[in-house]
Chemist: 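Structure provided below as structure tokens; questions to follow.
Throughout, protein chains are lettered first and strands after them, A, B, ... in sequence-line order, and every chain is numbered starting at 1.
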Amino acid sequence: MLKDITLGQYFPGSTVVHRLDPRTKLLMVILFIVALFTAEGPIAYLTVFLFLGVAVGLSRIPPRTILKGLKPLVVIICLTGLLNLFYTPGTPVVKFWVLTITQEGIFSALFMIWRILMLITGTFMLTYTTSPIALTDGLELLLNPLKRIKVPVHELAMMMSIALRFIPTLIEETDKIMSAQKARGADFETGSILQRAKALIPILVPLFVSALRRADELAVAMECRCYQGGKGRTRMKRLRFAGRDYITLVLGVLLVAAMIVLRVVGI
Amino acid sequence: MEPIIETKQLCHAYGVGTPFERHALQSVDFYANPGEFIGLIGHTGSGKSTFIQHLDGLLRPSSGQVLFRGEDIWKDKQFTHQIRFKVGLVFQYPEYQLFEETVFADIAFGPKNMGLDEEEVRRRVLRAAGFVGLEESDLDRSPFDLSGGQKRRVAIAGVIAMEPDVLILDEPTAGLDPNAREIVLQNIRDYQRAQNATILMVSHSMEEVAANVDRLYVMNHGTVAMTGTPREIFAHAQELTEMGLDVPVVTTIFHRLQELGFDVDPSVYTVEQAVAALEALRGGA
């Protein structure tokens, strides 16, 4: 059923990783990606891997959950691996038909797969340990300097929070409308592509009508509470950097520095 | 008499195999005879909505059976699809499912899905519109221009137009003003009489249930807690209150009168009965 789709895969908890400021986590993801793409050589690869391993361990996210999250990406990962395997020029190892596997190809395929896995798991660490609301809050504060050049940062963040808030509601609504039309004999499962596309009209029209109605009601409710955008608005929960945030950020910067050094030295 | 629809040991679980597994229905036995008006009450989350979606073949039982005229509705795919026309289900706030450009087209959606010819579709739409008291001139209007009560009636007509033998309604009067409520209930009764249809109505209003139904099912925690005539059910005021339900206001008054030492029958549940009982009391005194 539609309800089983999870969006924003927040995994509630109270570990150190969960308690980090969302801004720290956002910055860490950026630093981690930079480190990942500067990394060269086995020592560098191992360091990045260990760094991420420690973060996963501290967050107490079961490895099985992460593996489950990686599942939908298996095809892309395999495809990248295969392409690198066959299309990297170098010393041939195996040759059959028009395909050649080179020594460099094997290394490059393994490296690409490793890099993609690290990249995805790294971003998972952010979305698994940060609630969507905290995430938008963090994003808003990080982008705050852009207000100087008239970017409506608060408004964008508010739109994002509202959108996130309404995803489950709209999924539930879609489910309900689908059942109601099925009860009137609507058929969504058989017929040609054109027929199936047409069968969606009885779902989409009521869904749009209700989404617009909800948006209207929400706008009125917000106006009733004198909402006027970000100007002069204070927060109930203020984000503050704690000692752990500074330590984490220093570690992040050190990681990037180490990667650069390793690359320059060329181990 | 053979029941038109019945369930045997019906069970339904959500999220099987996950830590969130929840048993929404447990061994529900239910039957309805042709022409009966049945009420279904229970507090929010007692499994009413899950239950009625089984009768229509929208949800598949985890175990147990749903029988329509003695045949399992899941025996083959074609039969399940046919059941949706024989058992009409009107969801809560059905006006949110309207989508066509005209009232006529919206009511015709169900009959068209049945594969009827144009002539028959037209006849059914007009008849259904008649049951819910829509004027011919309303049929060409956009359903989105109607009032809330009218939209509700169009949505109900959309199900009635399939001329189901069993009509199930989930809180058909929720959110309507008293006048519109009475009209909707009258429409349902008219349909029942004209078609000798079986009606199953989910409701939170004990007055509404008391005034309309022949028999009642009370659901609690996914099971049938009680079943019987309104008189039998409302005699158990205490148990109903414990389940988070109510009894009609007149029943409460008569219970209280009895406690005060008046010689009255506390199983009164409609205003008419109350008037008669009080007249008798005055006449006797």
Side-chain angles (χ1 to χ4, degrees), chain A residues 1-7 9-13 60-62 64-65 67-69 71 166 168-192 195-217, chain B residues 14-18 20 49-50 52-60 77-78 80-101 105-116 142-144 151 155-162 164 167-170:
Chain A
M1 282 304 253
L2 281 169
K3 270 181 203 161
D4 301 332
I5 300 172
T6 45
L7 279 147
Q9 38 209 344
Y10 180 49
F11 201 92
R60 300 264 170 82
I61 305 272
R64 193 187 287 175
T65 312
L67 286 179
K68 232 167 117 187
K71 234 184 191 171
F166 276 100
T169 314
L170 288 179
I171 288 179
E172 205 173 295
E173 191 111 344
T174 313
D175 235 12
K176 233 187 244 169
I177 296 169
M178 262 177 105
S179 301
Q181 306 298 28
K182 265 197 215 160
R184 294 210 275 167
D187 185 0
F188 306 118
E189 276 125 35
T190 55
S192 65
Q195 278 170 324
R196 274 195 237 188
K198 260 178 106 179
L200 288 178
I201 295 174
I203 300 175
L204 291 179
V205 173
L207 194 63
F208 275 112
V209 171
S210 98
L212 290 174
R213 183 176 46 82
R214 273 178 206 284
D216 204 36
E217 282 169 7
Chain B
Y14 284 116
V16 180
T18 70
F20 307 106
S49 295
T50 309
I52 56 175
Q53 290 190 54
H54 277 90
L55 298 182
D56 197 26
L58 283 176
L59 289 177
R60 194 172 192 145
K77 225 179 160 182
Q78 203 51 40
T80 316
H81 194 64
Q82 286 307 311
I83 285 302
R84 308 233 166 106
F85 305 124
K86 299 221 158 65
V87 181
L89 176 54
V90 180
F91 276 82
Q92 221 172 0
Y93 298 106
E95 55 274 29
Y96 295 148
Q97 78 199 29
L98 300 177
F99 69 98
E100 277 285 8
E101 280 167 49
D106 209 289
I107 300 177
F109 182 64
K112 268 190 188 155
N113 285 332
M114 296 171 79
L116 301 169
S142 159
F144 299 103
K151 276 188 199 165
I156 294 175
V159 174
I160 284 181
M162 301 189 296
L167 181 62
I168 305 171
L169 304 109
D170 193 353

Chemist: Among A:Leu204, A:Ile203, A:Thr169, find the one that has a side-chain contact (heavy atoms from CB on, under 4.5 Å) with A:Thr174.
Modeler: A:Ile203
Chemist: Given heavy-atom pairs under 4.5 angstrom as the criterion, report whether the side chain, backbone, both or neither of B:Leu98 touches chain A.
Modeler: backbone
Chemist: Nearest 0.5 angstrom please: B:Thr80 OG1 to B:Arg60 CZ, how far?
Modeler: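 Answer rounded to 0.5 Å: 7.0 Å.
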Chemist: Side chain, backbone, both or neither: which part of B:Gln53 has a heavy atom under 4.5 Å from chain A?
Modeler: side chain
Chemist: Please classify the contact of B:Tyr96 with chain A as side chain, backbone, both or neither, using a heavy-atom distance under 4.5 Å.
Modeler: both
Chemist: Count the heavy atoms belonging to other residues, nucleotides or ligands that lie under 6.0 Å from CZ of A:Phe188, then report whether that count exceeds 12.
Modeler: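 Yes, CZ of A:Phe188 has more than 12 neighbouring heavy atoms, counting only those of other groups under 6.0 Å.
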Chemist: Give a yes or no on whether a salt bridge exists between B:Lys151 and B:Asp106, defined as a side-chain N under 4.0 angstrom from a carboxylate O.
Modeler: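 Here B:Lys151 does not pair with B:Asp106 in a salt bridge, since their nearest N and O are not under 4.0 Å apart.
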